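Only one structure is covered here, and it is reproduced in the block below.
All figures in this text were calculated on a predicted structure; none of them were measured in a lab. Counting starts at 1 for both ligands and their atoms, in listed order.
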Amino acid sequence: MSRVVVTIDGPAGSGKSTLAPELASRMGWSHLDSGALYRVLAWLASRRGLDLTTTGTSIIHLADEVGIDLQRTATSQKFLVGGEDVTEGIRAPEVSHAASHVAKLPEIRDWVVRRLRGLADQSPDGVVADGRDMGTVVFPDAILKIFLEASADERARRRQKELAERGYEQTLDTVRMELLSRDDVDRNRAHSPMVPAKDAIHIDTTDCSVAEVTARVEKLIRRAVDDNNTQTNENAS
Ligand code: C5P
């Protein structure tokens, strides 16, 4: 089977980061967390004191010079910057904010897109890619595109819980404001804004359990894989 891609896009807190790795694992595929790459670049730029809004090319030069590596195992992935493990560090709230600013820069987006496509090509069977523009820009040929949504209050609650589990205590109001400000930047930027692909299936996860959404999307993936196999066989005969 040639590799197939399923994309899961949507705003922060909509459930992508829980759903995507779980589905990849159920399918025996790879998970591509595109947001993590923007976070890594933002982390590096902030660490080196680079201006986050104007210096896409300098950030990329620095990234190529220092070396950004992704180590994947069946159950986890680690991000290394110049050999330093930043997997946890890139989840800090200030990095989320910085990531949405570097993600506006076209040179940064080109670099991330190339990297993601390269990683997908190394995945023999299938890929579940999550982010903001996976279905629209990075993998327009995906066999299934999902766009997740949830109310701002519910997203803020989920994000607050996730941050607390990582040791960052923030009020619900602070988290909510941060989410809405990131949504605004992500939706309104000139390059690859966060918009659902025309052929995406929208799922509102506000009142759904993780188990319900996972089961529903797994069913959709299996059906899309079957349809894709049928199509491939028909084209071959
Ligand atoms: O998904 P996550 O919250 O880790 O993403 C961090 C930031 O990276 C987002 O707020 C967004 O600005 C940027 N991003 C993006 N395109 C993607 C994934 C993430 O612009 N495909």
Any sub-3.5 Å donor-acceptor pair from Thr205's side-chain atoms to Cys208's backbone N or O? no

- When you measure from the side chain of Thr230 to the backbone N and O of Asp226, does any donor-acceptor pair fall under 3.5 Å? yes

Pair [X] + [Y], salt bridge at N-O below 4.0 Å:
X      : Y      : answer
Glu162 : Arg158 : no
Arg157 : Glu154 : yes
Arg3   : Asp121 : yes
Arg132 : Asp9   : no

How far is [atom] from the closest protein heavy atom, and which atom is that?
atom                    : result
atom 18 (C) of ligand 1 : Ser34 OG, 3.3 Å
atom 3 (O) of ligand 1  : Arg182 NH1, 2.9 Å
atom 4 (O) of ligand 1  : Arg39 NE, 2.6 Å
atom 14 (N) of ligand 1 : Tyr38 CD1, 3.6 Å
atom 21 (N) of ligand 1 : Asp133 OD1, 2.8 Å

Whether over 12 other heavy atoms sit under 6.0 Å from Arg216 CZ: no

Please could you name the atoms of ligand 1 that [X] approaches to less than 4.0 Å, counting only its heavy atoms?
X      : result
Ala103 : 12 (O), 13 (C), 20 (O)
Ser100 : 10 (O), 12 (O)
Gly131 : 18 (C), 21 (N)
Met134 : 21 (N)

message = Any donor-acceptor pair under 3.5 Å linking the side-chain atoms of Asn229 with those of Asn233?
response = no

Once you restrict to heavy atoms under 4.0 Å, what part of [X] touches ligand 1? Side chain, backbone, both or neither.
X      : result
Asp186 : side chain
Arg132 : both
Arg189 : side chain

Any non-hydrogen atom of Met194 lying under 4.0 Å from ligand 1? no

Practice prompt. Measure the distances from the heavy atoms of Arg109 to every atom of ligand 1 and state whether one is below 4.0 angstrom.
Written response: yes

Which of Arg109, Arg189, Arg187 passes salt bridge (Lys or Arg N to Asp or Glu O under 4.0 Å) with Asp133? Answer is Arg109

